[in-house]
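We count ligands from 1, going down the list as the structure has it; atoms in each ligand are counted the same way. Atom set for the values below is all heavy atoms of this structure, side chains included, hydrogens, waters and symmetry mates excluded.
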Amino acid sequence: MIHARNMVSISDLTKEHWDSLYRCCCDIITHPGEYVDSCRGKILATMFYEPSTRTSFSFQSAAQRLGGDTFGFSDPLGTSASKGETLADTIRIVAAYADAIVIRTPQEGAATAAAMYSDIPIINAGDGGHFHPTQTLADLATIMQKRGSIENICIGICGDLKYGRTVHSLVEALPMFPGVSFKLISPPELRMPQYVLDLMQANGQEYEESEQFAQSIPELDILYMTRIQRERFHSSAEYRRLKGVFILTKELMATARPDMLVLHPLPRYGEIATEVDSDPRAAYFEQARYGMFIRMALLHDFLNLPRLAPPPVASSDTAPIKCRNPACVTQSETYLPQITPAGDPGRCGYCDKELVD
Ligand code: NCD
């Protein structure tokens with residue numbers, strides 16, 4: 001079975017690939033000693049144009065636990081990006097020195113663009129408010145470890161569903177598992193974006209949008225909390241108005257099912273009271289640790305892939321695209337050719353937003 005060689009979005013992941021990653025993750029947890037040399041001599045590059053604690057450190061730790069090495073940056077000011085180098089050129093150079101690249105950027109669609117210029121695997125560690133597929137791998141691994149199955153459950157996703165990239169990828173992954181329904185709990189201003197709702201409809205996923213946090217909790221098998229994404233707001237007044245809108249407390253936990261899991265990609269900023277941490281249903285710190293093990297499984301696979309020239313980028317006489325989404329990578333990387341998602345010419349192939357009203 002040949003699996004994808006990039007993890008840019010969850011659409012790169014088949015159920016078979018997930019099953020094999022999860023099997024490998026479990027084996028790594030039980031027999032870590034058997035993997036200490038599995039990436040010996042291999043190098044992971046970490047390109048973080050945005051702050052990160054868990055994703056960056058868990059990837060570095062994962063590569064090192066497999067016997068591999070890492071280099072990278074957490075502040076683009078120290079790189080040639082600050083001299084105006086294009087993403088395409090930076091990727092070509094980093095790909096010459098490494099065996100896989102993990103990239104986090106504020107530009108939506110940047111990992112898709114990076115994969116077009118790379119002969120080594122590209123892993124999207126978060127592209128603006130768009131996607132964060134390896135957080136989803138961590139989320140799925142945690143649910144499997146704690147519940148043993150991801151079928152026939154009701155998941156409440158709560159908070160900033162507009163800018164929270166982790167939940168866009170999570171929702172995209174769950175059609176792989178039968179019988180999952182959603183309660184999408186947010187203020188109206190932070191609703192799930194239309195392109196994600198369209199995807200849910202196309203996948204026949206059952207969902208209900210609501211602002212009813214306390215009322216929803218007793219019905220949930222999993223409560224996935226998210227942080228209001230301050231850095232993506234255009235107005236700080238709007239952020240101040242919406243922050244603190246939903247707070248999970250001990251009192252609310254008392255109304256939940258005895259086996260309801262609480263997940264959060266972290267960092268939190270007040271949306272889960274610290275008094276909840278000692279509740280055995282609070283799984284967010286374990287989730288961060290499972291994130292490292294599932295990333296080890298991904299790197300065990302990706303760092304050992306042979307180099308493969310990317311498909312040729314559209315020729316220079318193809319007119320570049322400038323999508324109207326101000327956060328789209330095509331705003332700053334002005335040479336990128338137009339690409340459209342399969343079967344949907346009305347959408348930007350980088351950030352997934354509608355190209356016209
Ligand atoms: C998330 C992210 O960066 O999108 N954090 C993470 O990777 N674990 C969530 C967040 O920042 O709120």
Please list all pairs meeting ring-ring contact (aromatic ring centres under 6.0 Å, His included) that have one or both residues in residues 271-290, counting only residues at least two apart or in different chains. none
Tabulating one pair per line, provide the atom names and distances (0.1 Å) for every N/O atom of ligand 1 that is less than 3.5 Å from a protein N/O atom.
| from | atom 1 | to | atom 2 | distance (Å) |
| --- | --- | --- | --- | --- |
| ligand 1 | 3 (O) | Arg104 | NH1 | 3.4 |
| ligand 1 | 3 (O) | Arg104 | NH2 | 3.2 |
| ligand 1 | 3 (O) | Arg165 | NH2 | 2.9 |
| ligand 1 | 4 (O) | Arg165 | NE | 2.7 |
| ligand 1 | 5 (N) | Leu266 | O | 2.9 |
| ligand 1 | 7 (O) | Thr55 | OG1 | 2.9 |
| ligand 1 | 7 (O) | Arg104 | NH2 | 3.0 |
| ligand 1 | 7 (O) | His132 | NE2 | 2.8 |
| ligand 1 | 8 (N) | Gln135 | OE1 | 3.2 |
| ligand 1 | 8 (N) | Pro265 | O | 2.9 |
| ligand 1 | 8 (N) | Leu266 | O | 3.1 |
| ligand 1 | 11 (O) | Arg227 | NH2 | 2.9 |
| ligand 1 | 12 (O) | Arg227 | NE | 2.9 |
| ligand 1 | 12 (O) | Arg227 | NH2 | 3.3 |
| ligand 1 | 12 (O) | Gln229 | NE2 | 2.8 |

If two hydrophobic side chains count as joined below 4.5 Å and joins carry through other members, does Phe246 share a cluster with Ile157? no
Give me the ring orientation class for His17 and Phe302: parallel if the planes are under 30° apart, tilted from 30 to 60°, perpendicular past 60°. tilted
Kindly state each residue pair satisfying ring-ring contact (aromatic ring centres under 6.0 Å, His included) with at least one member in residues 220-244, sequence neighbours excluded. Tyr163-Phe233, Phe233-Tyr239
Test side-chain contact (heavy atoms from CB on, under 4.5 Å) applied to Arg295 and Thr55, Leu137, Val102, the passing residue: Thr55
Name all pairs fulfilling the ring-ring contact (aromatic ring centres under 6.0 Å, His included) condition that reach into residues 87-143, sequence neighbours left out, sorted by first residue then second. His130-Tyr195
